[in-house]
Number of protein chains: 2
Amino acid sequence: MHVWIGIDVGGQSAKFGLFDAKGSLLDTDSLPTGKEKEPEAAIHEMALHVRALVARHEDAELSGIGVGVPGPVLEENIVNKCVNLDWDVVPVADLFQQEGFTCPVKVENDANVAALGELWQGAAVGHTSILFIVIGTGVGGGVVINGKVVSGVHGAGGEIGHMPILAEKAERTCGCGGHHCLELAASAPAIADLARRLLAETEEASLLRDQEISAKEVFDAARAQDPLAQRVVAQAAEVLGRAIAILTSTVDPEMVVLGGGVSEAGETLLKPVRDAYRKAAFYALQETPIVRAELGNRAGMVGAAYLVLQ
Amino acid sequence: MHVWIGIDVGGQSAKFGLFDAKGSLLDTDSLPTGKEKEPEAAIHEMALHVRALVARHEDAELSGIGVGVPGPVLEENIVNKCVNLDWDVVPVADLFQQEGFTCPVKVENDANVAALGELWQGAAVGHTSILFIVIGTGVGGGVVINGKVVSGVHGAGGEIGHMPILAEKAERTCGCGGHHCLELAASAPAIADLARRLLAETEEASLLRDQEISAKEVFDAARAQDPLAQRVVAQAAEVLGRAIAILTSTVDPEMVVLGGGVSEAGETLLKPVRDAYRKAAFYALQETPIVRAELGNRAGMVGAAYLVLQ
């Protein structure tokens, strides 16, 4: 039986999925990652896990390894810096091949592979052109046109968390060094931060007062009709909706898919984002659907397998 | 001899070019256009001009007609509203074929064909992924990825003049009905308008005082070191540079090409745009070249021919 491995390499863990030719997920595994591991050692460890995962299945013949990584990827499957892993330029495919694999190895940015995952098996099944936005600790994205990821010349296609949408310089500095990034207005930490600032600025009663605040608490409070929390969500949604309107006027996709931890807020996030989007969007694009991702944190693993299975 | 016709349909005139198989421009013609002509009558007139143009060349055999139009174009070569021509939904290719042409007829948005023109014979020769921005009475654009125009599901790919980049609602309303469009900050009328506002707000001496102001006068004055004119150019360039940085972080092209009447200001525009771009751009994208278009108002005609010649 031919099998394919999809690996989603994150800042905290690498998730492994073993797929058959139909794209069914047969088995999974995972492994802690982190900045303290050198890239060569990290990939050696991943290679051991791939072998062990394949060995668990009798007659399994490994036919390809797809890898999603949290950084820009150049044409030759070379990673061009991963801040979260403290990787510089790392020839990921070459390093896997040096571990003795003879099957094809393909590498793409993690948000791009998640976009492919949603296209293949998730919210965008049956579509060929989508915009995928993942909102969590950071904001990432993937642009897929006619079934192909727009990777870009520097591997920075779909780096929409770093689009300089903020006209005014933000107080905080983005992980990328920028001060105008979408990520500074719409990531989970940015949402929590905005709530903290509004709480500090006013005496207004709020469910969020005197507690630890994360984006989840903000959305929970907004759902419970807390006015301050609702203002926070509205502000983040306004920027996100406008960002999506900028993106649709550029690539005019069939659908926009929102994933990542923040998208778990569901309609509490999606409805204000759709409202803000329609207000900002070009007239021909106001009906472009904005939907929630369906694969959750499996999207990267699935899309990584799709890189070598497609 | 096989020949191909490229037609660039504008709000004031339609330009016709006759090309050979190598893409050399052998002959041209033009025709006034305008809102008073019904689309069927306008296309009938264009058809007569095509026939006359081909007939001027002995043994010429018409092998294709490419048409660029100032509006969104749907997949089936149908125009979906041209504000400048007062066209609603017009099946341009069908209408040409009803005029008796049996050769292929392809239709694309005018900025998209101009992008293809620059890629084929202009500033971006040898490239496959570019972002083209045309700045004149309006602001338009074309995104080309791997040699193909990103037309979009609603024909609105590259409609970057209508990207809602302005966070604050602008005083004026865009032709599209929007209030946050790039066009409201960076088109020729927007630049002239900003100069008029700054002149009215201050008593500052300026070469621009007490004269009719167009974008050209603003750039001439900026070149002559007029501080007020330089501030106007800097403001427009700041928004344009940030818009380009948003676009490169989305599609990461090899090159950005600026065309249209405003780009004739040359380095007086390009230098501040590049400076603003570098300040705003994602670190991996700061060296993306921003160059001036080379084909001038021939770009549309050339790119339209490329639609059927490629």
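Quick caveat, the model's predicted, so the values are computed rather than measured. Chain identifiers are assigned alphabetically (A, B, ...) following the order of the sequence lines, protein sequences preceding nucleic acid strands; residue numbering begins at 1 within each chain.
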From CE (A:Met163) to OG1 (B:Thr248), nearest 0.5 Å: 10.5 Å
By residue number, those in residues 166-192 of chain B with heavy atoms under 4.5 Å from heavy atoms of chain A are B:Leu166, B:Ala167, B:Cys176
To the nearest 0.5 Å, tell me how far A:Lys148 NZ sits from B:Ile145 CD1. 12.5 Å
If I measure from the heavy atoms of chain B, does A:Val251 come under 4.5 Å with its side chain, its backbone, both, or neither? both
Most heavy-atom pairs under 4.5 angstrom with chain B, which of A:Glu254, A:Glu159, A:Glu287? A:Glu159
In terms of heavy-atom pairs under 4.5 Å with chain A, which of B:Gly161, B:Ala245, B:Gly157 leads? B:Gly157
Min side-chain heavy-atom separation B:Pro253-A:Val153 under 4.5 Å: no
Between chain B and each of A:Gly152, A:Ala280, A:Gly141, A:Ser249, count heavy-atom pairs under 4.5 Å; write down the option with the most. A:Ser249
Over all heavy atoms of both residues, which pair between A:Leu285 and B:Ala156 is shortest? Give the atoms and the distance, please. CD2-CB, 3.7 Å
Begin with the C-alpha distance, continue with both residues' side-chain angles, and end with the deciding distance and a verdict on side chain to side chain contact (heavy atoms under 4.5 Å, CB included) for A:His154 and B:Thr288. CA-CA 9 Å; A:His154 309 84; B:Thr288 302; 3.7 Å; yes
If every non-hydrogen atom of A:Val150 is compared with every non-hydrogen atom of B:Thr250, which pair is closest and at what distance? CG1-O, 4.5 Å
